[in-house]
2 protein chains.
Amino acid sequence: MATIKDVAKLAEVSTATVSRVLNENGYVHEETKNRVAKAIKQLNYKPNDVARSLFKGRSKMIALFIPDIMNPFFPELARAVEDMTKNHDFTFILCNTDDDIEKETAYIDALQQKSVDGLIIVSSTLTPEQLHHIQIPVVALDRKLNNGIASVTVNNREGSRQAVQYLKSLGCKKIAHVAGPEHVDNANERRRGYLDEVQNEDWFRLSLVEHGEYHYDAAKQATINLLKRHPDIDGLFVGNDLMAVGALKAAESLGINVPSDLSMIAFDGITLGETTSPSLTTMAQPIYQIGAKAAEMLIKQIEEEDTLTQSEEFSVQLIKRESTRRDEA
Amino acid sequence: MATIKDVAKLAEVSTATVSRVLNENGYVHEETKNRVAKAIKQLNYKPNDVARSLFKGRSKMIALFIPDIMNPFFPELARAVEDMTKNHDFTFILCNTDDDIEKETAYIDALQQKSVDGLIIVSSTLTPEQLHHIQIPVVALDRKLNNGIASVTVNNREGSRQAVQYLKSLGCKKIAHVAGPEHVDNANERRRGYLDEVQNEDWFRLSLVEHGEYHYDAAKQATINLLKRHPDIDGLFVGNDLMAVGALKAAESLGINVPSDLSMIAFDGITLGETTSPSLTTMAQPIYQIGAKAAEMLIKQIEEEDTLTQSEEFSVQLIKRESTRRDEA
DNA sequence: CTGAAAGCGCTAACAA
DNA sequence: TTGTTAGCGCTTTCAG
């Protein structure tokens, strides 16, 4: 690996001059600039980013924390963040945390030791105390973080209301809910949205809610419980698409036809939802946009050292597919 | 951020001594060691990895190149690699390349400038020339890389033969194949395995093979073409699970029942295959093991500077599920 | 057993 | 317009 010294020697200038043409700052004579450029090309010189980072205290790296790389929602999100970071010449680091606070803390330390410039975090477990240890810009994504930390989320509660309303508009008379984990704020918001719409119905019982942990297996089991307990359920709002795949399987295993016996609507709008049979009606998040927005906000914080804590909330959108009865419209 | 100097000052020793206790090398008196340890704790000192990297020329980082983060096979693989790298105190960097040679080259440069210690690469596009630019250890995963580069793969051809044999054993009389992209070696191996088994059958035609690009949409379309062209197909070997989801959808759209009209077997063994209706019979790769093995091999190369080019080939295993007729056994 | 000092490769004052 | 130099934080000879 050629160093800046080699280039300087070959071009017969000082390393400072090479640095100047590299970074396009300071004055440098056109002619010498050419000489340096030629030397760089000739040696195929690439600046050492580590040395640069050491000096600057910054690394041009950004990390994204996700709780579960196996839930397709997060790869889609990661994709968006990665694209955006690349556009701004940052290197992207993906960290899978399993929502495990120890893994999160370990990552936070390791990354800060590497002078990573900023963090985009999807987490429900990080405590204010842990967050206090973070000395670099942070943006919360998908789930809010307690403190005054910038965040990008969607209108989970309102979106869920709309989901249930749609089920009602289809004529559903008894609507159940498979909820996400209780420690995840967006899961609670979605549950609350469901409750907003149903708690005053005379058919409503608390036993119409089961928790499915945002996992396929748990959701399948939860749905089976629900459908056995209340065989007359004709509408189901599932907390996310991944769980809905399990719910679909559950209904099938009980001989319940979706959508003719049971209309099902979910949340997220991941690609997977188009591929199931029946395909999933869902409240779609603008996944790519929220990921991109979070990256943008973070980069702005990094580059402008502008710590104003803005928060963005996007809207979800109903996508009608095959898991719900046709509406009359 | 406290530096080693701060620690040295507080402990009333030189930075060299602090470094010694940090790295547990060289002799250092028990008593001074304690003094230093106390100072470290007191200041909550964490060594700066960038400075360390600059000195050592290594960063304790490993990158994984994958072509498509949206194909669930790769997150599963990434998960394995990540776990293993973490066990060895490396930081994991995931790079999504879209099988785009320019993105790959850009990543290779960027990562080497950051003194990344090694690369695990899933790629079908990297040329020997590009590979020549890589100055650090590399392990090829899932797909071989032309040169004498270590690799971890599975027995694609033999596994595919077994898949087709299984279809035959079920009584299938006309077996088609939805193949992966032509530029991907494992897709070709799988196609070859299929051909090994069918090319001497009197019913065989080349038109029983369609390409599905390892994508849901393309595979769905390919399957529709196939089934329209040859309505008497009663067995289908699909190049991977993701495509099989599309194939399932295609069959459904034509009113063809799987498995009673058509037995379908796929390849990969991703979790998604358990969740479809019907669930997928498939030749399962030991995904976690191959990812872990690749990481292990890479780390060994890095730490022992042991460039011997070994290659590992794992075996796939038939998992019988619902997309194939019950066998008599 | 411990410290002084050089140097990893680069950038940014400060001089010239 | 260019060069000299100090220093980012750490590790490692080399002396002592």
Side-chain angles (χ1 to χ4, degrees), chain A residues 1-37 39-40 43-61 89 109-117 135-136, chain B residues 1-37 39-40 43-61 89 109-117 135-136:
Chain A
M1 274 291 182
T3 75
I4 200 172
K5 269 191 193 165
D6 302 323
V7 176
K9 200 166 295 173
L10 183 58
E12 298 181 297
V13 295
S14 73
T15 62
T17 301
V18 178
S19 178
R20 282 189 194 100
V21 336
L22 238 38
N23 299 292
E24 296 177 328
N25 62 13
Y27 295 91
V28 42
H29 195 80
E30 193 64 27
E31 194 192 324
T32 44
K33 190 189 291 187
N34 292 142
R35 241 183 21 253
V36 171
I40 288 176
L43 295 171
N44 187 30
Y45 166 75
K46 300 273 197 312
N48 179 327
D49 277 340
V50 178
R52 235 176 219 185
S53 293
L54 179 58
F55 182 86
K56 299 222 175 196
R58 290 136 147 281
S59 63
K60 277 276 178 188
M61 297 196 287
D89 273 323
D109 286 344
L111 295 172
Q112 290 197 121
Q113 292 182 65
K114 294 197 179 315
S115 296
V116 162
D117 294 345
Q135 316 275 4
I136 53 179
Chain B
M1 275 289 183
T3 75
I4 199 172
K5 268 190 194 166
D6 302 324
V7 176
K9 201 167 296 175
L10 183 58
E12 298 182 298
V13 295
S14 73
T15 61
T17 301
V18 178
S19 177
R20 284 190 193 99
V21 336
L22 237 39
N23 299 293
E24 295 177 330
N25 62 16
Y27 296 90
V28 42
H29 195 80
E30 194 64 27
E31 192 192 325
T32 43
K33 190 189 290 186
N34 292 143
R35 240 182 25 255
V36 171
I40 288 176
L43 295 171
N44 187 31
Y45 167 74
K46 300 271 194 313
N48 179 327
D49 277 339
V50 178
R52 234 176 219 185
S53 293
L54 179 58
F55 184 87
K56 298 223 172 197
R58 288 135 146 282
S59 62
K60 278 275 179 187
M61 298 194 288
D89 272 323
D109 286 344
L111 295 172
Q112 291 197 119
Q113 292 182 63
K114 295 198 179 313
S115 297
V116 162
D117 294 346
Q135 316 274 4
I136 53 179

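So that the names make sense, note that chain A is the first sequence line, chain B the second, and so on, each numbered from 1. Note that these values count all heavy atoms, side chains included, but never hydrogens, waters or copies made by symmetry.
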Participant: In Å and rounded to the nearest 0.5 Å, what is the CG to OG distance from B:Asn48 to A:Ser53?
Facilitator: 9.5 Å
Participant: Could you write out each protein N or O paired with an N or O of nucleotides 12-16 of chain C at a distance under 3.5 Å?
Facilitator:
none

Participant: A:Thr17 side chain N/O closer than 4.0 Å to the phosphate oxygens (OP1, OP2) of D:dG3?
Facilitator: yes
Participant: Can you name the one residue among A:Leu10, A:Leu22, A:Val36 that meets side-chain contact (heavy atoms from CB on, under 4.5 Å) with A:Tyr45?
Facilitator: A:Leu22
Participant: Whole-Å distance between D:dG16 C1' and B:Tyr27 OH?
Facilitator: 17 Å
Participant: Starting at CG of A:Leu43 and ending at P of C:dG9, how long is that distance when rounded to a whole Å?
Facilitator: 14 Å
Participant: To the nearest 0.5 angstrom, please state how far the CD1 atom of B:Ile136 sits from the CD atom of B:Gln112.
Facilitator: 4.5 Å
Participant: Tell me if a side-chain donor or acceptor on B:Arg58 pairs with a main-chain N or O of B:Asp117 at a distance below 3.5 Å.
Facilitator: no
Participant: How long is the line joining CD1 of B:Ile4 and C1' of C:dG3, in whole Å?
Facilitator: 13 Å
Participant: Between B:Gln113 (CD) and C:dC10 (C1'), how many Å, whole number?
Facilitator: 13 Å
Participant: Would you give the length of the straight line joining atom CD of A:Gln113 to atom CZ of B:Arg52, rounded to the nearest 0.5 angstrom?
Facilitator: 7.5 Å
Participant: Would you name the heavy atoms of A:Lys114 and A:Met61 that are closest together and state the gap between them?
Facilitator: O-CE, 3.8 Å
Participant: So if I take residues 44-53 of chain A and measure heavy-atom distances to DNA chain C, which residues fall below 4.0 Å?
Facilitator: A:Tyr45, A:Pro47, A:Asn48, A:Ala51, A:Arg52
Participant: Give a yes or no on whether the backbone of B:Ser115 and the side-chain of B:Ser59 come within a donor-acceptor separation of less than 3.5 Å.
Facilitator: yes
Participant: Rounding to an integer number of Å, can you tell me how far B:Arg58 CZ sits from D:dT12 P?
Facilitator: 12 Å
Participant: Applying a 4.0 Å non-hydrogen cut-off, can you work out what B:Val18 is touching in the nucleic acid: base, sugar-phosphate, or nothing?
Facilitator: nothing
Participant: Could you check how far NZ of A:Lys9 sits from P of C:dC10, rounded to whole Å?
Facilitator: 13 Å
Participant: Using 0.5 Å steps for rounding, measure from the CD atom of A:Glu24 to the NZ atom of A:Lys33.
Facilitator: 7.0 Å
Participant: Nearest-Å distance, CE (B:Met1) to C1' (D:dC10)?
Facilitator: 15 Å
Participant: Can you see which heavy atom on B:Arg35 is nearest to which on B:Val13, and at what distance?
Facilitator: NH2-CG1, 3.4 Å
Participant: Reading DNA chain C from 5' onward, which residue's closest nucleotide shows up sooner: B:Val28 or A:Leu54?
Facilitator: B:Val28
Participant: Would you kindly give the NZ-to-C1' distance between B:Lys114 and C:dC8, to the nearest whole Å?
Facilitator: 17 Å
